[in-house]
Amino acid sequence: MNKAGERLLNGLVKENPTFVLMLGMCPTLAVTTSAMNGLGMGLTTTAVLTLSNLFISLLRKVIPNRVRIPAFIVIIASFVTMVQLLLQAYLPSLNRSLGVYIPLIVVNCIILGRAESYAYHNPVIPSVFDGLGMGLGFSFALTCIGAVRELLGAGKVFDMAILPDSFEPIRIFGQAPGAFFVLAALVALQNAVKNRRKRAGKPYEKIGSGCSHDCMNCGEKGCSSRFYDTDSESSIVKPSSAKPSSAKSSYSKSSSDPKKTAGQEDERKAKQSEESSKTDTAVQTADKSAVKKEPSGDTRAEGKADADSGGAFDPLDGMEIINLDEEE
């Protein structure tokens, strides 16, 4: 349940799809003319997101990787069709208010993004809570935007009069530009709260779309251990913080001795010169052996003549004989 609670908190606060990730802006800006429309759109998306994450996680080992996106769209479209039929039967007024944005849930980037980044790679229970957390975060954001727009644009919230009759409604908040103004104001408010918590030493940064379970090398400060198991965090941080310091000290000691460094450099150069001299000697030896193995053409001819004559050696071969009696 620790991971399930972390996924719920992740979708509601740390990775809120509207205020943090800025996803699903089309329905966010279009249907939030009232709090009821925002809540209805958010709950509809929550139902589709939770059910699609459930079935995609169940079929993650069956769906081929090459056709996963069309498979995701087929699964999401099936649930969107079911939800739309239920709205037409039981909540026709809400169905008319949301209009074409209910079928457009099929291509909502929040649903496709969670299916691709989380549900397709994680077990069923965390995937269900991930979809539920993201859907509730989306519903909360749309309800807040719709409530502010309805309050300033009509003086009502959920069709109940809040402001006195003397209040003059600001009509721009009931139109498209008002959605941008309210969204910007709420995002700025959330960032102000986040910065205040950071200065107080209680940061909650957004974490990735799924824990890698590599706590030693994880740089995220908004891990679930900060909210559920604070004792385990100290046991994780202390060993990792001690290792770099020891490595750094050993490195500083070895690099702070210039004599030792110079001696190592001289030893390395001596090894290189010795290896080069061995290579030269080997090359010269190979050349000499090649010369000895390949006799010249004259030598080969003389050897052939000796073989023809029986191989006997004649000491007078090639010498001129002089007759002394004839000269006298």
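Heavy atoms only: backbone and side chains are in, while hydrogens, waters and symmetry mates are out. In what follows, residues are counted from 1 in the order of the sequence shown.
- Considering only heavy atoms from C-beta on, R114 stays 4.5 Å or farther from I56 through its side chain.
- Put simply, the side chain of L186 reaches to within 4.5 Å of the side chain of C144, judged on heavy atoms.
- Between F19 and N191 there is no side-chain heavy-atom pair separated by less than 4.5 Å.
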Q.
Assess the residue pair F129 and I125 against the criterion (side-chain contact (heavy atoms from CB on, under 4.5 Å)); give the C-alpha distance rounded to whole Å, side-chain angles, the decisive distance to 0.1 Å, and a yes or no.
A. CA-CA 6 Å; F129 278 93; I125 299 301; 3.9 Å; yes
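- Both I69 and L58 are members of a single hydrophobic cluster when ILVMFWY side chains are connected at heavy-atom separations under 4.5 Å.
- Hydrophobic clustering, with ILVMFWY side chains joined whenever heavy atoms are under 4.5 angstrom apart, keeps V157 apart from F173.
- At most 12 non-hydrogen atoms from other residues, nucleotides or ligands lie less than 6.0 angstrom from CE of M82.
- A single hydrophobic cluster is not seen to contain both L51 and V74; linkage of ILVMFWY side chains at heavy-atom distances under 4.5 Å, directly or through other members, places them apart.
- Checked by atom type and distance alone, the side chain of R196 never pairs as donor or acceptor with a backbone atom of V193 at under 3.5 Å.
- Rounded to the nearest 0.5 Å, atoms CG (N95) and CD (Q88) are 5.0 Å apart.
- Heavy atoms only, all atoms of each residue included: Q84 and P103 are closest at NE2-CG, 3.8 Å.
- In this structure the side chain of L49 reaches within 4.5 angstrom of the side chain of I110, judged on heavy atoms.
- Other residues, nucleotides and ligands place more than 12 heavy atoms under 6.0 Å from the CZ atom of F79.
- Within the 4.5 Å cutoff, the side chain of N16 has no heavy atoms near those of the F138 side chain.
- Here the shortest heavy-atom pairing between P17 and G11 reads CD-O, 3.7 Å.
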Q: Applying side-chain contact (heavy atoms from CB on, under 4.5 Å), run through M41 and L94 and close with a yes or a no.
A: CA-CA 9 Å; M41 186 68 190; L94 181 60; over 6 Å; no
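- Within the model, atoms CG of L87 and CG of L98 stand 7.0 Å from one another, a figure rounded to the nearest 0.5 Å.
- Within 6.0 Å of atom CZ in F55, 12 or fewer heavy atoms from other residues, nucleotides or ligands are found, so the atom counts as exposed in its surroundings.
- Between R7 and the options V128, L12, D130, N122, a side chain to side chain contact (heavy atoms under 4.5 Å, CB included) holds for only D130.
- Side-chain atoms of H121 come within 3.5 Å of backbone N or O of E116 as a donor-acceptor pair.
- Two residues are said to be in side-chain contact when any heavy atoms from C-beta on lie closer than 4.5 Å; M134 and N10 meet this criterion.
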(Q) Working note: E150 + T32, criterion side-chain contact (heavy atoms from CB on, under 4.5 Å); need CA distance, chi angles, decisive distance, verdict. (A) CA-CA 9 Å; E150 187 179 7; T32 55; over 6 Å; no
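- Counting only residues at least two apart or in different chains, side-chain hydrogen bond (donor to acceptor under 3.5 Å, both in side chains) contacts with residues 37-52 comprise T33-N37, S34-N37, T46-S139.
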Side chains of residues 158-171: which donor-acceptor partners sit under 3.5 Å, not counting sequence neighbours?
none

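- Atom CD1 in I105 sits 11.0 Å away from atom SG in C26 (nearest 0.5 Å).
- Residue I145 holds its CD1 atom at 5.0 Å from CG of L183, rounded to the nearest 0.5 Å.
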Q: Quick one: do I111 and V48 satisfy side-chain contact (heavy atoms from CB on, under 4.5 Å)? Show the steps, please.
A: CA-CA 8 Å; I111 301 178; V48 175; 3.8 Å; yes
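- Distance check, rounded to the nearest 0.5 Å: OG1 of T81 to CD1 of I102 gives 11.0 Å.
- Residues L86 and L91 are members of separate hydrophobic clusters, defined by side-chain heavy-atom contacts under 4.5 angstrom among Ile, Leu, Val, Met, Phe, Trp and Tyr.
- Partners of Y120 under the ring-ring contact (aromatic ring centres under 6.0 Å, His included) rule, at least two apart in sequence or in another chain, are F72.
- Between L142 and T18, some side-chain heavy-atom pair lies under the 4.5 Å cut-off.
- Taking all atoms of both residues into account, the shortest heavy-atom contact from R149 to G178 is NE-C, 4.2 Å.
- Linking Ile, Leu, Val, Met, Phe, Trp and Tyr residues whenever their side-chain heavy atoms come within less than 4.5 Å leaves F140 and L23 in two separate clusters.
- Between Y118 and P126 the shortest side-chain heavy-atom distance falls below 4.5 Å.
- To the nearest 0.5 Å, atoms CE (M22) and SG (C109) are separated by 12.5 Å.
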